[in-house]
Structures are given as structure tokens and as C-alpha cells.
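For the numbers below, each heavy atom of this structure counts, side chains included, while hydrogens, waters and symmetry mates do not. Each chain gets a letter, A, B and so on, in the order its sequence line appears, and its residues count up from 1.
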Number of protein chains: 2
Amino acid sequence: MKNLTKRQTEIFNYIKDEIENNGYPPTRSEISKTFGFKSPNAAEDHLKALKKKGVLDLAAGTSRGITLSNQSSGIPVIGLVSAGGPILAEENIEKTIPNNPGILSHGIDFYLKVKGDSMVDVGIFENDLIAINKNIPVKTGSIVVARINDEVTVKTLAKISDSQVILRPENSSYSNIEVNPKKDNLIFEGTCVGLLRDFA
Amino acid sequence: MKNLTKRQTEIFNYIKDEIENNGYPPTRSEISKTFGFKSPNAAEDHLKALKKKGVLDLAAGTSRGITLSNQSSGIPVIGLVSAGGPILAEENIEKTIPNNPGILSHGIDFYLKVKGDSMVDVGIFENDLIAINKNIPVKTGSIVVARINDEVTVKTLAKISDSQVILRPENSSYSNIEVNPKKDNLIFEGTCVGLLRDFA
DNA sequence: TTCATAACTGTAATTATATACAGTATTTAT
DNA sequence: ATAAATACTGTATATAATTACAGTTATGAA
């Protein structure tokens with residue numbers, strides 16, 4: 001139940017922004033004013049639709065009683081990626097953790113739980129969560145999440161051209177990975193924009 | 001203007017918790033009900049006092065229009081610690097970053113910006129922000145923030161007894177620091193519970 | 001074609017909420 | 001010693017806000 005219409009997405013994003021910026025959710029009137037509705041009931045209808053689709057909850061009789069549902073307020077943590085489908089597919093999501101705007105310079109689309117020790121020399125350890133942005137264009141020198149023939153890996157992008165991509169592990173006991181994007185199926189899932197480690 | 005009374009602190013923490021748990025601030029009535037006030041005006045008075053002391057803001061005529069002020073909603077980032085005074089003193093606070101409940105297993109009292117490379121072997125690099133909890137009792141094996149004769153350092157606590165404390169750097173080119181707490185002024189400022197790195 | 005969904009206008013009523021004013025008692029600074 | 005701040009009770013009211021009901025128009029699916 002998550003296929004929001006264009007309009008519903010606009011409304012939803014507005015509510016999200018208001019909570020983020022003001023610290024509390026908007027009223028029906030405020031929503032209506034923002035979108036030019038002449039009746040608060042237009043906002044009411046939208047809220048009901050958004051509730052029905054499961055992206056938010058409404059506390060009855062409560063002013064500003066709008067809360068974003070877990071699924072929509074948190075950032076997914078990707079554990080092991082199953083071969084095939086998209087990285088953000090339901091079955092890859094280990095849990096979600098609250099969004100924290102302002103903590104990092106870039107937006108975070110998901111966290112990836114690090115496996116292995118191939119990046120220890122730049123301080124990325126096993127079980128660290130690396131914050132990934134899907135939309136920053138990858139560039140040499142960046143730490144990227146790449147998918148090579150359905151296998152997902154985190155490496156430094158050392159070289160990129162039409163015929164050759166070099167992915168460098170940051171651990172002297174590993175060797176560079178060289179890929180020919182014309183032969184192999186290479187997809188960049190995103191750029192690493194941050195790191196989170198929990199000393200439990 | 002930050003010396004809250006005991007009661008004011010209770011009220012303030014309740015409001016903070018409500019925002020965190022519900023997603024929106026409480027009303028005067030809800031505050032009153034929680035604390036057993038028989039008049040919503042008791043809550044109103046408290047809110048005015050808290051506003052006057054600068055820890056929150058009130059939007060006039062707005063239901064649930066309570067917002068925590070920057071100073072009280074963020075977690076301070078400590079850069080260089082000036083000798084002498086307390087680590088959380090105003091002059092040490094470089095900036096504050098939004099609170100992120102639920103991201104780490106432990107509470108965070110402040111972030112410390114890491115200087116030097118003495119902890120690289122456990123993946124703590126220069127300019128990383130380490131999340132510090134002041135109240136967890138320090139124990140061997142933990143990474144701690146220690147102050148030795150007014151100098152602040154981050155190390156692994158290797159040994160602790162009445163007569164000897166050993167602080168171990170996690171970098172083979174550094175040597176252990178041995179302190180006699182009876183002779184030297186040794187204070188543990190907190191335990192490292194997490195790490196945050198921003199790939200700007 | 002007909003029904004459901006989407007995206008609204010318009011009106012109205014109940015209730016939720018902020019907030020002022022008038023007090024009282026206690027504690028804390030000056 | 002005295003004023004100011006703290007921590008409330010009690011009452012009252014304007015207005016902020018939710019939310020139901022009755023419509024209209026457009027669109028896409030069955």
C-alpha cells in the first residue's frame with residue numbers, strides 16, 4: 001500500500017518538512033493554506049488517504065496529531081544483499097533507524113552494514129554502518145557501493161572510463177578489482193557519505 | 001539563563017520525551033494531567049518560565065506550538081578542550097548537532113572531535129566525532145576520554161587500580177600511558193559509545 | 001457503462017487548546 | 001526585611017482545530 005499519487009507525495013513531503021523544520025506537524029488549515037485549498041476538508045481527505053496507504057498515523061481528536069509511520073520516517077539498514085533484485089528491496093532491509101537531518105553534510109538514502117575488512121585502512125570496519133547517498137555522481141577517490149554481476153561491494157573508485165573501472169580495496173592484503181563495464185554488469189548503488197559505529 | 005529548577009527540569013524532560021516518543025509536543029492540559037496539576041495554567045506558567053530561561057520557544061496562538069531551542073535540542077561537539085574548566089564549558093563547544101535518539105545503544109552526552117592518530121588501529125581517525133556517555137562506569141577494554149593533569153586524551157583503558165592506570169593507544173607507534181592516580185590528577189570524562197564520520 | 005478513487009469546494013458543529021486574570025503559599029535572592 | 005521568583009488552584013473565554021456531511025468534477029479500471 002505505498003503507491004502514493006503525485007499530489008499525495010507533495011502533501012506527504014510537506015508534512016515531513018514541517019515536522020523537521022517546525023518541530024511539530026501542521027494542522028488541516030495550514031496544509032490547505034500551503035496548497036491553496038479553499039476547504040480544510042481537502043487536507044482531511046488527503047490525510048485519510050495517506051493513513052490508508054500506511055505512511056502516516058492520525059491521533060483522533062488530537063490537534064496536530066500526525067505522525068509518520070516507521071516505514072516512512074526511518075532510514076533502512078541493508079544487511080546482506082540478496083542477488084538479483086534492487087538493493088532497497090524489502091528482503092534486504094534489516095531494520096530502519098531514525099532519520100537525523102543535519103548530522104551529515106549529505107542526504108542519506110540507506111545504511112549498509114559493512115562485511116569484511118577490505119576497507120580497514122580508511123577506518124571502515126566490519127559491522128560499521130556506512131551512510132549511502134544514491135544520487136551523488138560517483139567520482140574517482142570516492143568510496144562507492146558497486147554491484148558487479150549481482151555481487152555488492154564497497155571500495156574506493158580509483159579509475160573510471162568507458163572500458164575500465166578500477167575499484168581499490170583499502171587494505172594492503174587485497175588486490176584491486178578491475179572491471180570492464182562493457183563485459184561485466186556494473187552498477188553503482190551510491191556513494192559513501194558517512195559512517196556510523198555503535199560501541200554496544 | 002539556564003539554571004532550571006528541579007521542577008522545571010522535570011517538565012522540560014517530559015516535553016522532550018513527548019516530542020521524541022509521540023512526534024509532537026504536548027498541550028497544557030496534557031502536561032497538567034501528567035504532573036497532576038488541577039489547572040492548565042500551572043503548565044502555562046511553567047512554559048513561560050522555560051521560555052524566559054531560553055530552553056524552549058512558544059508559538060503564540062498555536063496548538064502544541066512548543067519547540068526546543070537549539071541549545072537544548074542538540075548535542076554539543078567538543079573541539080579542543082581548553083585547560084582548566086569543565087569539558088562541557090561554553091568555550092569548548094564548537095557547535096551542536098541534532099539529537100539522534102535510537103541510533104546508538106547508549107545515550108550521548110557530547111561528541112568529541114578526534115585529534116591525532118593514536119587510535120587508528122581501532123578505526124578512530126582524526127576529525128572523527130566520537131560519541132561520549134559521561135555516566136557509564138569506565139571499565140577495562142573500553143575506549144575512554146581521560147583528563148590527565150588538564151590534558152584530554154582518548155585511549156583504551158587497559159588497566160585500572162588504586163595505584164596504577166594504564167591507557168593504551170591503538171597505534172603501534174605509540175606507547176602506553178601509565179598514570180598513578182594518587183600522584184597525578186586523573187579524571188575520566190566518559191566512555192566512547194559510538195563514532196560518527198562525515199565524508200564531506 | 002458504471003463504479004471506485006482522486007482531488008477538491010462549502011458549511012457547520014463539537015471539542016481541543018491557548019491563555020488571560022485573580023488568587024495563595026513557599027522559597028530564594030538582595 | 002522585603003521583593004521577586006516559584007509553584008501552584010480556579011475560572012473563564014476566544015479561537016484553533018478536528019472532522020462529519022453533502023456536493024462537484026475528472027480519471028482510470030472492471
Side-chain angles (χ1 to χ4, degrees), chain A residues 1-69 72, chain B residues 1-69 72:
Chain A
M1 304 290 151
K2 225 198 149 178
N3 299 311
L4 301 190
T5 66
K6 194 182 166 188
R7 197 56 160 165
Q8 286 168 358
T9 305
E10 283 174 33
I11 310 271
F12 179 77
N13 286 334
Y14 164 71
I15 293 169
K16 209 169 174 176
D17 287 350
E18 282 295 296
I19 292 173
E20 204 166 287
N21 298 328
N22 283 341
Y24 44 84
T27 65
R28 274 72 168 165
S29 294
E30 287 166 0
I31 297 171
S32 298
K33 203 180 163 191
T34 300
F35 288 92
F37 303 156
K38 300 200 174 140
S39 164
N41 190 55
E44 176 73 17
D45 282 354
H46 273 296
L47 289 176
K48 279 178 183 158
L50 290 169
K51 180 180 182 170
K52 202 174 169 189
K53 293 195 175 178
V55 296
L56 51 76
D57 280 310
L58 302 173
T62 306
S63 70
R64 302 177 189 274
I66 304 171
T67 47
L68 305 184
S69 65
S72 52
Chain B
M1 303 292 150
K2 228 201 147 176
N3 299 312
L4 302 190
T5 66
K6 194 182 164 188
R7 196 57 161 166
Q8 286 168 356
T9 304
E10 283 173 33
I11 309 271
F12 179 77
N13 286 334
Y14 164 70
I15 293 169
K16 208 169 174 176
D17 286 351
E18 282 294 296
I19 292 173
E20 203 167 287
N21 298 327
N22 282 342
Y24 45 83
T27 64
R28 275 70 168 166
S29 294
E30 287 166 0
I31 297 171
S32 297
K33 202 179 163 192
T34 300
F35 288 91
F37 302 157
K38 300 202 175 140
S39 165
N41 190 56
E44 176 73 17
D45 282 355
H46 274 295
L47 288 175
K48 279 177 183 159
L50 290 168
K51 181 181 182 169
K52 202 173 170 189
K53 294 194 175 178
V55 295
L56 51 78
D57 281 311
L58 300 173
T62 306
S63 69
R64 302 178 188 274
I66 305 172
T67 48
L68 306 183
S69 66
S72 51

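- Residue-to-nucleotide proximity on DNA chain D shows that, of Asp45(A) and Gly61(B), the 5′-proximal contact is made by Gly61(B).
- The C1' atoms of five pairs define one axis at each end of the helix from dT1(C)-dA30(D) to dA29(C)-dT2(D), and these two axes lie 40° apart (to 10°).
- For DNA chain D, the residues of residues 33-41 of chain A within the heavy-atom distance limit of 4.0 Å (strictly under) are Pro40(A), Asn41(A), sorted by number.
- OP1 or OP2 of dA18(C) sits under 4.0 Å from a side-chain N or O of Arg28(B).
- Nearest nucleotide to the Ser63(A) side chain, out of dT18(D), dA7(D), dT9(C): dT18(D).
- Side-chain proximity of Arg7(A) to dA20(D), dT18(D), dA7(C): nearest is dA7(C).
- With dA6(C), dA7(D), dC8(C) as the candidates, the nucleotide lying closest to the side chain of Gln8(B) is dA7(D).
- Dashed line: the shortest gap from a side-chain N or O of Thr5(A) to OP1 or OP2 of dA7(C) is under 4.0 Å.
- Under 4.0 angstrom from either OP1 or OP2 of dT6(D) there lies at least one side-chain N or O belonging to Lys53(B).
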Handout entry: Derivation of the salt bridge (Lys or Arg N to Asp or Glu O under 4.0 Å) call for Lys16(B) and Glu20(B)
Key = CA-CA 6 Å; Lys16(B) 208 169 174 176; Glu20(B) 203 167 287; over 6 Å; no

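- One distance of note links CD1 of Ile19(B) with OH of Tyr14(B); it measures 10.5 Å at 0.5 Å rounding.
- Applying a 4.0 Å cut-off to non-hydrogen atoms, none of the residues of residues 11-26 of chain A approaches DNA chain D.
- Phe35(B) has its ring centre no less than 6.0 Å from the ring centre of His46(B).
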Exercise for the section: I would like to know whether Arg64(A) and Glu18(A) meet salt bridge (Lys or Arg N to Asp or Glu O under 4.0 Å); could you show each step before the answer? Expected result: CA-CA 11 Å; Arg64(A) 302 177 189 274; Glu18(A) 282 295 296; over 6 Å; no

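- Under 4.0 angstrom from either OP1 or OP2 of dT6(D) there lies no side-chain N or O belonging to His46(B).
- The distance from atom CD of Glu10(B) to atom C1' of dC8(D) is 14 Å, rounded to the nearest whole Å.
- Between Leu50(B) atom CG and dA5(D) atom P the separation is 15 Å, expressed in whole Å.
- By the 4.5 Å heavy-atom criterion applied to side chains, Thr67(A) and Asn22(B) are not counted as neighbours.
- Of the candidates dT6(D), dT19(D), dA7(C), dT19(D) carries the atom nearest the Ala60(A) side chain, counting heavy atoms from C-beta on.
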